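Since the model is a prediction, treat every value here as computed from it, not as a measurement. Only heavy atoms go into these numbers, but all of them, side chains included; no hydrogens, no water, no symmetry mates.
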Amino acid sequence: MFQTCFSRLLSVFCALILCVCLPLSACGESLSPEEALGAEDALPIDAAPAADVPTVSGQAREELIDRILSLAESLYRSANGKPQRAQYSGDIYICKNFTVHLFRESSADFRIAAYPEMPLVIPNNLPKADCAPYVYGVMWEDVSAQEGNPFYAAASFRYDESLSAAQNRENARAFLMQAQRGDYFQMAANYYYGVGAHSMIFIADYDPETDTVRWTDSNMKGQTINGERYAYVQYDAVKEIDWFVDAFCRKKYGATIYRLRDDIVYAADVN
């Protein structure tokens, strides 16, 4: 009797062990040969091999911004408050030339992670004819990331004649409140020092406590010397945002905030 019970218990125990050791298909779920092979080759998600792409940490992007602003400060200090020639197409102290110069001198060591073979470029202003119905200076040319453009339009304002002046002003203020350190700012404006297109770079985020922005630029202020235009370089200039709103919140006018993409990487890491 005891031997018979022992034999039966042993048989049940062996059957359980066999079921645990067999593949799932042998325990009731059918797998195709392809599925079974896939199950054998599969890795847990956290153990899957990493894709062969550069790591994007934000460090490269911040260093690019640091280099741009550091060069701007250096040129400002070198000028020492004295006006710099801004008359001819090659003069770097013309407003857009200045911001372009800062970028080109600072960007050689960086790439866009998705297009590592392309050196970085900065677009020109959109030609006057293509800006219609707005005036020249409200935006840049549309250059793709595939062509090396690391900027995107993070925010834009265009005066909307279907809205009231008060509504346009509210929209213009909300637009400028989005300014961040390292953003390029392109505007068509009628401001205290002149009328037309102007380019500059914000050196700090919009400050809600003081309602101000801080920036660097050249040729917002200037003078004529011996028949030629000369410009003053500014660094850590500051104004309440209403000063800018007064300038670009006008019919046919507007402005754009251009921001560096998040996926900026070191060229050395992708070459």
Check: What about Phe98 and Met200, same hydrophobic cluster or not, with Ile/Leu/Val/Met/Phe/Trp/Tyr joined at side-chain heavy-atom distances under 4.5 Å?
Finding: no
Check: If you group Ile, Leu, Val, Met, Phe, Trp and Tyr by side-chain heavy-atom gaps below 4.5 Å, do Ile68 and Phe202 land in one group?
Finding: no
Note to self: Just verifying a value: how many Å separate Asn97 CG and Ser89 OG, rounded to the nearest 0.5 Å?
What the structure shows: 7.5 Å
Note to self: If the threshold is 4.0 Å, N to carboxylate O, is there a salt bridge linking Arg229 and Asp91?
What the structure shows: no
Check: Is Glu117 salt-bridged to Arg111, going by a charged N under 4.0 Å from an acidic O?
Finding: no
Notebook entry, point to check: Looking at side-chain heavy atoms only, is the closest gap between Val138 and Tyr253 below 4.5 Å?
Noted result: no
Next item on the list: Flag the pair Glu141 / Asn125 as yes when at least one side-chain heavy-atom distance between them is below 4.5 Å, and no otherwise.
Entry: no
Next item on the list: Tell me, with the steps shown, if Ile201 and Asp183 meet side-chain contact (heavy atoms from CB on, under 4.5 Å).
Entry: CA-CA 6 Å; Ile201 307 170; Asp183 287 350; over 6 Å; no
Next item on the list: Report yes if the side chains of Pro83 and Ile225 come closer than 4.5 Å at any heavy-atom pair, otherwise no.
Entry: yes
Next item on the list: Would you check if the side chain of Asn168 reaches a backbone N or O of Asp160 as a donor-acceptor pair within less than 3.5 Å?
Entry: yes
Next item on the list: Look at the rings of Trp243 and Tyr193 and say which category their plane angle falls in: under 30° parallel, 30 to 60° tilted, over 60° perpendicular.
Entry: tilted
Note to self: Determine whether a donor-acceptor pair (N or O, by modelled atom type, separation under 3.5 Å) exists between the side chain of Asn80 and the backbone of Lys82.
What the structure shows: no
Notebook entry, point to check: In Å, rounded to the nearest 0.5 Å, how long is the span from CG of Asp242 to CZ of Arg169?
Noted result: 5.0 Å
Checklist line | Close side-chain approach of Val213 to Val238, heavy-atom, < 4.5 Å | finding: no
Next item on the list: Consider only side-chain N and O atoms of Tyr88 and Glu228, and report whether a donor and an acceptor are under 3.5 Å apart.
Entry: yes
Check: Just how far is it from atom CD of Gln167 to atom SG of Cys249, taken to the nearest 0.5 Å?
Finding: 11.0 Å
Note to self: A side-chain contact here means heavy atoms from C-beta on lying under 4.5 Å apart; do Thr99 and Asp217 qualify?
What the structure shows: no
Item checked: More than 12 heavy atoms of other groups within 6.0 Å of Gln59 CD -> no
Next item on the list: Could you go through the salt bridge (charged side-chain N to carboxylate O under 4.0 Å, His left out) check for Arg67 and Glu105 one step at a time?
Entry: CA-CA 9 Å; Arg67 290 190 189 184; Glu105 291 296 306; over 6 Å; no
Notebook entry, point to check: When you check the side-chain N and O atoms of Ser156 and Thr256, is any donor under 3.5 Å from an acceptor?
Noted result: no
Notebook entry, point to check: Under 3.5 Å, is there a donor-acceptor pair between the Glu147 and Ser144 side chains?
Noted result: yes
Next item on the list: May I ask you to decide if the ring planes of Phe151 and Phe103 are parallel, tilted or perpendicular, using 30° and 60° as cut-offs?
Entry: tilted
Note to self: For a 4.5 angstrom cut-off between non-hydrogen side-chain atoms, does Leu75 reach Leu102?
What the structure shows: yes
Check: Parallel, tilted or perpendicular: which describes the rings of Phe175 and Phe248, with under 30° parallel and over 60° perpendicular?
Finding: perpendicular
Item checked: Within 6.0 Å of CD in Glu170, more than 12 heavy atoms from elsewhere -> no
Next item on the list: Check the surroundings of atom OH in Tyr235: do more than 12 heavy atoms from other residues, nucleotides or ligands lie under 6.0 Å from it?
Entry: yes
Margin query: As an exercise, state the distance from CG of Asp130 to OH of Tyr134, rounded to the nearest 0.5 Å.
Written below: 15.0 Å
Check: Are any of the side-chain nitrogens in Arg61 or Asp263 under 4.0 Å away from the carboxylate oxygens of its partner?
Finding: no
Next item on the list: Test Tyr93 against Asn219 for side chain to side chain donor-acceptor pair (under 3.5 Å), laying out the working first.
Entry: CA-CA 7 Å; Tyr93 294 99; Asn219 206 32; over 6 Å; no
Notebook entry, point to check: Thr216 side chain to Gln234 main-chain N or O, any donor-acceptor pair under 3.5 Å?
Noted result: yes
Checklist line | Gap between atom CE of Met220 and atom OH of Tyr232 - 0.5 Å precision | finding: 15.0 Å
Checklist line | Donor-acceptor side-chain pairing of Asp109 and Tyr266 below 3.5 angstrom | finding: no
Notebook entry, point to check: What distance separates Asp205 CG from Arg214 CZ, expressed to the nearest 0.5 Å?
Noted result: 10.0 Å
Notebook entry, point to check: Ion pair present between Arg181 and Asp66, side-chain N to carboxylate O less than 4.0 angstrom?
Noted result: yes
Check: Is there a path of hydrophobic side-chain contacts, each under 4.5 Å between heavy atoms of I, L, V, M, F, W or Y residues, that connects Trp215 with Tyr206?
Finding: yes
Check: Are Leu176 and Ile203 connected, step by step, through hydrophobic side chains (Ile, Leu, Val, Met, Phe, Trp, Tyr) whose heavy atoms are closer than 4.5 Å?
Finding: no
Check: Under 4.5 Å between side-chain heavy atoms, hopping through other hydrophobics if needed: is there a path connecting Met118 to Val121?
Finding: no
Next item on the list: Without swapping roles, check the side chain of Ser78 against the backbone of Ser74 for a donor-acceptor pair under 3.5 Å.
Entry: yes
Notebook entry, point to check: Taking the side chain as C-beta and beyond, is there a heavy-atom pair between Met187 and Met139 under 4.5 Å?
Noted result: no
Item checked: side-chain contact (heavy atoms from CB on, under 4.5 Å) evaluation trace for Leu260 with Leu64 -> CA-CA 9 Å; Leu260 285 167; Leu64 174 53; 3.9 Å; yes
Margin query: Is the shortest side-chain heavy-atom distance between Tyr159 and Lys252 below 4.5 Å?
Written below: no
